[in-house]
Amino acid sequence: MNGELTAQERAGKAFPVSWDQFHRDCRALTWRLNEVGPFHAVIAITRGGLVPAAIVARELGVRIIDTVCIASYDHDKQGDLQVLKGISDAAMKLGGGTGKGLLIVDDLVDTGKTGKLVREMLPDAHFATVYAKPKGRPLVDTFITEVSQDTWIFFPWDTALSYHPPLRDGAA
Ligand SMILES: O=P(O)(O)OC[C@H]1O[C@H](OP(=O)(O)OP(=O)(O)O)[C@H](O)[C@@H]1O
Ligand SMILES: Nc1nc2[nH]cnc2c(=O)[nH]1
Ligand SMILES: [Mg+2]
């Protein structure tokens with residue numbers, strides 16, 4: 001390391017999410033989205049948006065799913081955003097060129113940079129995330145749980161069960 005703190009270290013607090021919890025939160029998100037739809041298609045922001053997109057699409061009965069592939073954080077450090085794959089022509093057509101009737105799904109918004117970029121591609125789409133931090137929250141139309149800006153969310157696909165020392169010994 002070069003002495004610079006990672007986004008995760010700067011965050012300080014940890015918010016670990018289990019598969020069960022994530023599935024429950026995605027279902028809760030779908031309850032809200034069901035009031036807003038119907039949607040022609042779901043657009044998942046990869047990679048984190050793939051898991052909630054599958055659950056939400058299943059619950060809403062949507063079978064057309066597209067991806068917009070964006071790389072920003074290298075594990076926990078945010079670099080420049082790179083669009084590795086844009087939205088397909090077929091999905092663009094379904095959204096009338098502006099995203100009307102399309103549902104964008106991601107696991108979370110943090111600074112909002114990723115969400116902002118996708119919103120610019122599909123200004124009339126509905127943007128849903130499972131978790132939201134205050135900086136990115138204004139960009140999101142529907143979300144389930146807000147966590148503070150100084151919290152790092154740990155997803156089940158990024159983590160594994162391991163020994164945790166007792167609190168008395170200084171564990172956070
Ligand atoms: O609001 P922002 O500050 O832009 O951060 C939010 C984005 O960061 C994470 O993705 P990441 O770039 O880590 O890629 P991944 O989904 O492939 O893990 C997360 O899945 C969001 O897409
Ligand atoms: N896993 C994870 N990725 C992120 N990318 C931006 N913020 C976060 C976060 O809190 N957790
Ligand atoms: Mg992501």
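Under the 4.5 Å side-chain contact rule for hydrophobic residues, Met121 and Ile43 share a cluster. Linking ILVMFWY residues whenever their side-chain heavy atoms come closer than 4.5 Å, directly or via other members, leaves Leu50 and Trp19 in distinct clusters. Linking ILVMFWY side-chain heavy atoms closer than 4.5 Å, directly or via other members, places Phe154 and Val51 in two distinct hydrophobic clusters. Cluster membership for Ile144 and Leu60, using ILVMFWY side-chain heavy atoms within less than 4.5 angstrom, is shared. At a threshold of 4.5 Å between side-chain heavy atoms, the hydrophobic network of Ile, Leu, Val, Met, Phe, Trp and Tyr places Val105 and Leu122 in two separate groups.
Scanning both residues, Thr159 and Phe155, for their nearest heavy atoms gives OG1-O, 3.0 Å. Residues Val62 and Ala41 share a closest heavy-atom pair of CG1-CA, 3.8 Å. Residues Ala132 and Thr129 come closest through the heavy atom pair CB-OG1, 4.3 Å. Minimum heavy-atom separation, Gly49 to Asp106: N-OD1, 3.3 Å. Taking both residues in full, the closest heavy atoms of Leu139 and Gly115 are given as CD1-C, 4.4 Å, listed atom of the first, atom of the second, then distance. Closest heavy-atom contact between Pro134 and Glu146: CG-OE2, 3.4 Å.
The SG atom of Cys69 sits 6.5 Å away from the CG atom of Leu84 when rounded to the nearest 0.5 Å. Atoms NZ and CG, from Lys116 and Leu81 in turn, are 10.0 Å apart once rounded to the nearest 0.5 Å. Separating the OG1 atom in Thr111 from the NZ atom in Lys135 is a distance of 7.0 Å, to the nearest 0.5 Å. Taking OG of Ser18 as the reference point, atom NE2 of His23 lies at 11.5 Å (rounded to 0.5 Å).
Proximity of Arg24 to Asp20: side-chain heavy atoms (C-beta onward) are separated by under 4.5 Å at one or more points. Thr114 places none of its side-chain heavy atoms less than 4.5 Å from the side chain of Val109. In this structure, Thr142 and Phe127 have side chains that are not in contact, with every pair of non-hydrogen atoms separated by 4.5 Å or more. In this structure the side chain of Val68 never reaches within 4.5 angstrom of the side chain of Thr46, judged on heavy atoms. Counting only heavy atoms from C-beta outward, the side chains of Val147 and Trp152 never approach each other to under 4.5 Å. You'll find the side chain of Leu33 reaches within 4.5 Å of the side chain of Leu103, heavy atoms only.
For the side chain to side chain contact (heavy atoms under 4.5 Å, CB included) criterion with Pro52, the lone passing option out of Asp25, Leu29, Val130 is Val130. Just one residue in the list Val140, Thr145, Asp141 forms a side chain to side chain contact (heavy atoms under 4.5 Å, CB included) with Phe143, and that residue is Val140.
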Original post:
Trp157 and Asp107: side-chain contact (heavy atoms from CB on, under 4.5 Å), yes or no, with the steps?
Top reply: CA-CA 12 Å; Trp157 52 89; Asp107 50 2; 3.7 Å; yes

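One N or O on the side chain of Lys133 and one on the backbone of Thr151 form a donor-acceptor pair closer than 3.5 Å.
The aromatic rings of Phe39 and His126 sit tilted relative to each other, their planes meeting at an angle between 30° and 60°.
Asp66 and Ser88 are linked by a side-chain donor-acceptor pair at a separation below 3.5 angstrom, with hydrogens and angles left out of the test. Asp110 and Gln149 are linked by a side-chain donor-acceptor pair at a separation below 3.5 angstrom, with hydrogens and angles left out of the test. Residues Thr67 and Lys85 have side chains that bring a donor and an acceptor to within less than 3.5 angstrom of each other.
Within a 6.0 Å sphere centred on CZ of Arg119, other residues, nucleotides and ligands contribute more than 12 heavy atoms. Under a cut-off of 6.0 angstrom, the local environment of CD in Gln82 is sparse, with at most 12 non-hydrogen atoms contributed by other residues, nucleotides or ligands.
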